[in-house]
Amino acid sequence: MAESRFVKLLEYAFAGNAERKRMLDSEAFKKIVGERAVKELLQAEDISETTLLQEEVIKKVYEGAEPARCVREVFPIQKTKSYAVRFIAGAAGTYASEVAEGAEIPVGQEDYSKIDVEVKKYATRPLITKEMVDDCLFNIIEHEIRKAGFRLENTLNRVVLTTLLKELDGISDIDPAGTHLAVTDIAKAVGAVKAKNWMPDTLITHPMAEAQLLQDSNLVYVCYAGTEAPLREGAIPRLLGLKPWTLSVTAEPNSGVYWDGTDADNHYYALVLDSQNTAVIVMRDDITIEQYEDPIHDLVGITAKMRFGVGVLRDDAGVRILAK
């Protein structure tokens, strides 16, 4: 596996003066870290005078978060500088009134509800020890920093999912007719959401639900028709107008709801929803790094954090599907 820019910069940081000069003259080093970085290192007496390592750390955190990205791609994100945000939600499917020619046009009346979304802080600390730094185990340090990003992104997924499972109760839960989730069950869920005057566009499944859908003969027929994604890539294609996503996280402990394949009360493994009207993510701070000023000595004590909240805007703009 090719060495990363982060590892090379750490090697430079802990190298002696002679070794640093050799690295700066090396074409391989220049190719990995880039010409701009080499110029900065030549101009600085020490790497701590640059921001190269700090930039690489946050890049590694974001790289670790990338494979877990789901809910941030589905729901709208509202930036805020406050600890709480209030949203005002109107009714779905309202209508205009019939008005006679020349008559006064009445002011539209609509019932509104308020939703208060509280911002909370979530943080994690990469497992980096002084021994790792002293022993120059830079690849392991990089791996631990990536895992911090993955944990934070998975936390965002978990909090949003748990909130949906707890509060999407405006439509009766869909109970699959057979022993497995089928396309017909998804169609029933789509119809239930549309009947509330919302436009479902998203399907979120647990891996067990995804596996059951991939066994549905309807998807096999789709493959025969020329869409190879289910068989070649193991991915559900766009289904009944829904963009599919798979979430393997668990619901928050003690929440009273469950995201798995267990056939029991309050156990769910799929959601069909209108992504623009179901929920909103309030983002105070996206993934950031704390306690990291000295690029060498602060590695052991760095923390990664997020500050966000989530609110369900309309509890009937999506429907839960019970696990089987």
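Starting from 1, each residue takes its place in the sequence as its number.
Taking hydrophobic clusters as Ile, Leu, Val, Met, Phe, Trp and Tyr residues chained together by side-chain heavy-atom distances below 4.5 Å, Ile77 does not share a cluster with Tyr83. Both Val249 and Leu156 are assigned to one and the same hydrophobic cluster, defined by single-linkage of ILVMFWY side chains at heavy-atom distances under 4.5 Å. Using a 4.5 Å cut-off between side-chain heavy atoms of Ile, Leu, Val, Met, Phe, Trp and Tyr, with links allowed through other members, Phe14 and Ile128 fall into the same hydrophobic cluster. In terms of hydrophobic clustering, with Ile, Leu, Val, Met, Phe, Trp and Tyr side chains grouped at heavy-atom distances under 4.5 Å, Val57 and Phe150 are assigned to different clusters. No continuous path of ILVMFWY side-chain contacts below 4.5 Å connects Leu161 to Tyr258, so the two sit in separate hydrophobic clusters.
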Query raised in the report: Can Gln212 and Tyr269 be said to form a side chain to side chain donor-acceptor pair (under 3.5 Å), step by step?
Result: CA-CA 11 Å; Gln212 291 177 10; Tyr269 69 169; 2.6 Å; yes
**Report entry** Worked verdict on Arg5 versus Glu56 for salt bridge (Lys or Arg N to Asp or Glu O under 4.0 Å)
**Finding:** CA-CA 8 Å; Arg5 187 171 188 260; Glu56 283 304 304; 2.5 Å; yes
Query - Worked verdict on Ile321 versus Val272 for side-chain contact (heavy atoms from CB on, under 4.5 Å) - result: CA-CA 8 Å; Ile321 299 179; Val272 171; 4.2 Å; yes
Requested in this report: Take Lys121 and Met306 through the test side-chain contact (heavy atoms from CB on, under 4.5 Å) and record every step on the way to the result.
Outcome: CA-CA 6 Å; Lys121 178 179 176 179; Met306 294 178 76; over 6 Å; no
Report task. Give the C-alpha distance, both sets of side-chain angles, the deciding distance and a yes or no for side chain to side chain donor-acceptor pair (under 3.5 Å) between Arg125 and Thr303. Result -> CA-CA 4 Å; Arg125 180 174 169 178; Thr303 58; over 6 Å; no
Query raised in the report: For Leu203 and Thr205, what are the C-alpha separation, side-chain angles and deciding distance, and is it a side-chain contact (heavy atoms from CB on, under 4.5 Å)?
Result: CA-CA 6 Å; Leu203 168 67; Thr205 58; 3.8 Å; yes
Requested in this report: Give the intermediate values and the outcome of side-chain contact (heavy atoms from CB on, under 4.5 Å) for residues Ile186 and Leu213.
Outcome: CA-CA 10 Å; Ile186 304 300; Leu213 279 176; 4.2 Å; yes
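Inter-residue side-chain proximity for Val190 and Val319 is flagged as unmet; no heavy-atom pair is nearer than 4.5 Å. Phe75 is listed as a side-chain neighbour of Leu273, based on a closest heavy-atom distance under 4.5 Å. Contact check for Thr162 versus Lys166: side-chain heavy atoms found under the 4.5 Å cut-off. For the pair Leu168 and Arg320, the minimum side-chain heavy-atom distance is below 4.5 Å. Within the 4.5 Å cutoff, the side chain of Leu52 has heavy atoms near those of the Leu41 side chain. Contact annotation: the side chain of Leu53 approaches that of Ile47 to within less than 4.5 Å [non-hydrogen atoms, C-beta and beyond]. The shortest side-chain heavy-atom distance between Ile302 and Pro126 falls under the 4.5 Å cut-off. At least one side-chain heavy atom of Leu271 sits less than 4.5 Å from a side-chain heavy atom of Leu165.
Note: Lys21 NZ to Leu42 CG = 10.0 Å, rounded to the nearest 0.5 Å. Leu313 CG to Glu167 CD: the interatomic distance, rounded to the nearest 0.5 Å, is 10.0 Å. Note that the CG atom of Leu137 and the CG atom of Leu10 stand 11.0 Å from one another [nearest 0.5 Å]. Note that OH of Tyr62 and CZ of Arg69 are 9.0 Å apart. Values are rounded to the nearest 0.5 Å. Taking CD of Gln43 as the start and NZ of Lys39 as the end, the distance is 8.5 Å to the nearest 0.5 Å. The line from CZ of Arg146 to OG of Ser4 is 7.0 Å long, rounded to the nearest 0.5 Å.
Look at Lys324 and Asp175 and you find a salt bridge, because one of the NZ, NE, NH1 or NH2 atoms lies within 4.0 Å of a carboxylate O, short of that distance.
When each of Lys305, Arg307, Arg72 is checked for a salt bridge (charged side-chain N to carboxylate O under 4.0 Å, His left out) with Asp286, only Arg72 meets the rule. Only one option out of Lys147, Lys60, Lys8 pairs with Glu142 in a salt bridge (charged side-chain N to carboxylate O under 4.0 Å, His left out); it is Lys60.
Among all heavy-atom pairs drawn from Leu24 and Lys30, the shortest one is O-CE, 3.0 Å. Glu19 and Ala15 get closest at one heavy-atom pair: CG-CB, 3.6 Å. Residues Pro176 and Asp185 come closest through the heavy atom pair CA-OD1, 3.3 Å. Listed here is the closest heavy atom pair of Val119 and Ser82: CG2-O, 3.8 Å. Residue Trp198 comes nearest to Ala317 through the heavy atom pair CD1-CA, 3.4 Å, listed as atom of the first residue, atom of the second, then distance. Of all heavy-atom pairs between Leu247 and Cys70, the closest is CG-SG, 3.7 Å.
Ring orientation note: the planes of Tyr122 and Phe308 are close to parallel, at an angle under 30° on the 30°/60° scale.
Judged purely by distance below 3.5 Å, without hydrogens or angles, the side chains of Thr50 and Glu40 never pair a donor atom with an acceptor atom. With 3.5 Å as the limit, one finds no donor-acceptor pair spanning the side chains of Arg284 and Thr80. With 3.5 Å as the limit, one finds a donor-acceptor pair spanning the side chains of Thr51 and Glu55. Side-chain atoms of Arg158 and Thr250 form a donor-acceptor pair, as typed in the model, at a separation below 3.5 Å. A donor atom on one side chain and an acceptor atom on the other are found under 3.5 Å apart for Tyr268 and Asp173.
Atom CG of Asp116 sits in a crowded spot, with more than 12 heavy atoms from other residues, nucleotides or ligands closer than 6.0 Å. For Asp25, the CG atom counts as densely surrounded, since its 6.0 Å shell holds more than 12 non-hydrogen atoms of other residues, nucleotides or ligands.
Side-chain atoms of Ser26 come within 3.5 Å of backbone atoms of Ala28 as a donor-acceptor pair (strictly under, hydrogens ignored). Under the 3.5 Å distance criterion, the side-chain polar atoms of Asp216 are matched with a main-chain donor or acceptor of Val183. Here the side chain of Thr278 pairs a donor or acceptor atom with the backbone of Asp274 at under 3.5 angstrom.
Remark: aromatic rings of Phe6 and Phe138 are distant, center separation not under 6.0 Å.
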